[in-house]
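Structure, as structure tokens:
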Amino acid sequence: MKKVLIATVKPFAPVAVKKINKIFKKAGYEVQLIEKYNSKQDLLDAVATVDAAIIRSDKFDAEVLNAAKNLKIVVRAGAGYDNVDLQAATKNDIVVMNTPGQNANAVAELAIGLAILGIRELFSGKPGGELRGRTLGLHGFGFVARNVFRIARAMGMKVIVYTQYSKDAAAAIGLKVTHSLEELYEKSDVVSIHVPAKGEHIKSVSYKVLKHLKDGSILVNTARKEVINEPDLVKLMGKKQGVKYMSDVTPDCEKEFSEKFEGRYFFTPKKAGAQTAEANLNAGVAAAEQIIDFFEKGDIACKVN
Ligand code: 3PG
């Protein structure tokens, strides 16, 4: 009997856990669940005997992957797989997958929520503004950005995008694709970041790009803190006193923000973009089905390593 570990420091909603269990039971698989575990040792012990694992932002580094002697597949129930050491997985013949698009609407709704929070002056009582008629710049055009586009358009925003890899998809729906990232930042009232924490995107939001932001604009980050050059962002916010930074997850330089930029930022204490029952259900169920399809049919459609 195949054994599947669900390892989630940040647990799925109970409705998702129930559904995932039901799917595996029907397929004749055994499920082991560890939630809110306290130490890496808990994870190392748990992975030792399982054939598959479903995780969220849980760190599957080389030590964990080496300790998982029977592991054949790990599915990150979500989009970003920067928490998994792909090289170590490949070395150990472990397939790594994500569940593309499954939690995208939840993250997109948070991005729009953060934009509203910013333009309304964090509901501090100061008169704010409205998003309708403003220009939204999408930095990247993956599943989350496409959902942000759908919502923003319904709210009457003008939407532009900078993307290197999805130019045709953007143009096909009549979206203006800017020639450069600098042009996107220069023309937008709200910039929403939707690039993964890998390769050329790491620290790509640097002063070279940030200096083009309009004073008074809002930078929304529901991606990863790693894509931001934090010292450059601090420098920019010091120079352009109207810029706000709204981020899903607290940056390393939080102290500087609290000392210098009161009323101009908001950070979720823990990554909250995908924290909805719907997103947990969609991503969790997709992960379970992908594991079963992998073992029963050899399906590796969502493999990322
Ligand atoms: C993702 O990459 O899918 C999101 O950042 C959600 O991450 P989480 O599952 O850790 O909330």
Side-chain angles (χ1 to χ4, degrees), residues 4-17 19-20 33-38 40 43 52-61 64 74-86 89 96-114 138-148 151 165 192-199 201-202 204-205 219-228 246-252 266-291 302-305:
V4 183
L5 173 71
I6 304 174
T8 48
V9 164
K10 192 167 61 179
F12 286 128
V15 65
V17 177
K19 186 79 193 274
I20 295 167
L33 177 68
I34 56 160
E35 296 179 322
K36 294 185 191 165
Y37 48 90
N38 293 317
K40 192 171 185 185
L43 187 58
I54 296 178
I55 59 171
R56 294 184 66 179
S57 292
D58 305 76
K59 289 220 174 340
F60 266 42
D61 59 14
V64 174
V74 50
V75 182
R76 190 280 189 247
Y81 45 87
D82 43 311
N83 49 321
V84 182
D85 185 332
L86 297 187
V96 182
M97 295 187 186
N98 66 350
T99 61
Q102 297 294 343
N103 59 17
N105 181 64
V107 181
E109 288 189 11
L110 179 68
I112 293 290
L114 290 175
L138 296 172
H139 178 172
F141 198 54
F143 289 104
V144 178
R146 290 170 205 204
N147 278 280
V148 174
I151 302 166
Y165 305 105
S192 194
I193 302 171
H194 301 290
V195 287
K198 62 175 189 182
H201 300 302
I202 303 283
S204 63
V205 183
L219 183 62
V220 175
N221 182 9
T222 54
R224 292 286 188 274
K225 65 181 176 187
E226 287 80 4
V227 303
I228 305 279
M246 317 295 288
S247 172
D248 183 18
V249 90
T250 305
D252 295 334
F266 174 82
F267 308 138
T268 53
K270 270 191 189 169
K271 191 151 54 101
Q275 276 300 69
T276 68
E278 292 89 336
N280 291 171
L281 253 177
N282 292 341
V285 165
E289 286 171 349
Q290 285 171 211
I291 286 172
C302 293
K303 184 171 181 269
V304 295
N305 65 329

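Below, all heavy atoms of this structure are taken into account, side chains as well, without hydrogens, waters or symmetry copies. Counting convention: from 1, in listed order, for ligands and their atoms alike.
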task: Decide if atom CZ of F267 counts as having more than 12 heavy atoms of other residues, nucleotides or ligands within a radius under 6.0 Å.
output: yes
field: Heavy atoms of other groups near K40 NZ, more than 12 under 6.0 Å
entry: yes
Check whether any N or O atom of [X], backbone or side chain, sits under 3.5 Å from an N or O atom of ligand 1, and answer yes or no.
X: G78; value: no
X: R224; value: yes
X: A274; value: no

Could you identify the single nearest non-hydrogen protein atom to [atom] and state the distance to 0.1 Å?
atom: atom 1 (C) of ligand 1; result: R76 NH2, 3.3 Å
atom: atom 10 (O) of ligand 1; result: S57 OG, 2.4 Å
atom: atom 9 (O) of ligand 1; result: R56 NE, 2.9 Å
atom: atom 3 (O) of ligand 1; result: A79 N, 2.6 Å
atom: atom 11 (O) of ligand 1; result: K10 NZ, 2.7 Å

- request: Compare all side-chain heavy atoms of I228 with those of N221 and state whether any distance is below 4.5 angstrom.
  value: yes
message: Within the 3.5 Å criterion, strictly below it, is a donor on N105 or E109 matched to an acceptor on the partner's side chain?
response: yes
query: Without hydrogens or angle criteria, can the side chains of K271 and S57 be said to hold a donor-acceptor pair below 3.5 Å?
result: yes
query: Do any N or O atoms from the side chain of D248 and from the backbone of G273 form a donor-acceptor pair under 3.5 angstrom?
result: yes
task: Run through R224, K59, R76 and flag the one making a salt bridge (Lys or Arg N to Asp or Glu O under 4.0 Å) with D82.
output: R224
message: For N103, which part has a heavy atom under 4.0 Å from ligand 1: side chain, backbone, both, or neither?
response: side chain
